[in-house]
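Below is one structure, written out as structure tokens; comments come after it.
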Amino acid sequence: EVQLVESGGGLVQTGGSLRLSCAASGLTFVDYAIAWFRQAPGKEREGVSCITSSDFILYGDSVKGRFTVSRDNAKATVYLQMNSLKPEDTAVYYCKVFSIDYWGKGTLVTVSS
């Protein structure tokens, strides 16, 4: 019943920007922290960001200063604004309810070199 749906991925040039969305349903969205992860081809899954119900935010070192996470509880949606994109940001991006095992299916971000 709980569903997380990522959107906004695509192809972008180095230095460009994308905004990813994670739309949630089937839970009381305001009560939960939401995390973003990514997995690049041939690499381990990497934590990108986490935003709590009180808007406490953490970023992974590799994206700090370039990515911004926010949430709109009225829309039950978390956003990941990605700026100054680099080829090494190429990955499938997933959102997850931090404290329980619910994941989206991911959205692919490809940054051309």
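Positions are given from 1, in the same order as the sequence printed here.
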Requested in this report: In sequence, state the C-alpha distance, the side-chain angles, and the governing distance for D61 and K64, and then conclude on salt bridge (charged side-chain N to carboxylate O under 4.0 Å, His left out).
Outcome: CA-CA 5 Å; D61 288 340; K64 191 175 299 181; 3.5 Å; yes
Query raised in the report: So, the side chain of T77 versus the backbone of A23: is there a donor-acceptor pair under 3.5 Å, distance only?
Result: no
Query raised in the report: Can you check whether R38's main-chain N or O pairs, donor with acceptor, with R45's side chain at less than 3.5 Å?
Result: no
Query raised in the report: Do the non-hydrogen side-chain atoms of L18 and V109 ever get within less than 4.5 Å of each other?
Result: yes
Requested in this report: Report whether F29 and V2 are members of the same hydrophobic cluster (ILVMFWY, side-chain heavy atoms less than 4.5 Å apart, transitive linking).
Outcome: yes
Query raised in the report: Would you find a donor on one side and an acceptor on the other, under 3.5 Å apart, between the side chain of K96 and the backbone of I100?
Result: yes
Report task. Establish, yes or no, whether the cationic atom of R19 lies under 6.0 Å from the six-membered ring centre of Y79 and within 45° of the ring axis. Result -> yes
Query raised in the report: Distance-only, no hydrogens or angles: does the T107 side chain make a donor-acceptor pair with backbone N or O of G9 under 3.5 Å?
Result: yes
Query raised in the report: Taking T14 for the side chain and S112 for the main chain, is one N or O donor matched with an acceptor at less than 3.5 Å?
Result: yes
Query raised in the report: Mind checking whether T68 and M82 have side chains closer than 4.5 Å, heavy atoms only?
Result: no
**Report entry** Step-by-step side chain to side chain donor-acceptor pair (under 3.5 Å) determination, S53 to D31
**Finding:** CA-CA 6 Å; S53 60; D31 292 339; over 6 Å; no
Query - Any Y32 side-chain heavy atom under 4.5 Å of T52 side chain - result: no
Report summary line: Joining Ile, Leu, Val, Met, Phe, Trp and Tyr whenever any side-chain heavy atoms lie under 4.5 Å apart, the cluster holding V92 also takes in F37, Y94, W103, L108
Report task. Answer yes or no: is there a donor N or O on one side and an acceptor on the other, between the side chain of Y93 and the main chain of L80, under 3.5 Å? Result -> no
Query raised in the report: So which pairs with a foot in residues 32-93 pass disulfide bond (SG atoms under 2.5 Å apart), sequence neighbours left out?
Result: none
Query raised in the report: Do the side chain of E6 and the main chain of K105 share a donor and acceptor less than 3.5 angstrom apart?
Result: yes
Query raised in the report: Is there a path of hydrophobic side-chain contacts, each under 4.5 Å between heavy atoms of I, L, V, M, F, W or Y residues, that connects I34 with F56?
Result: no
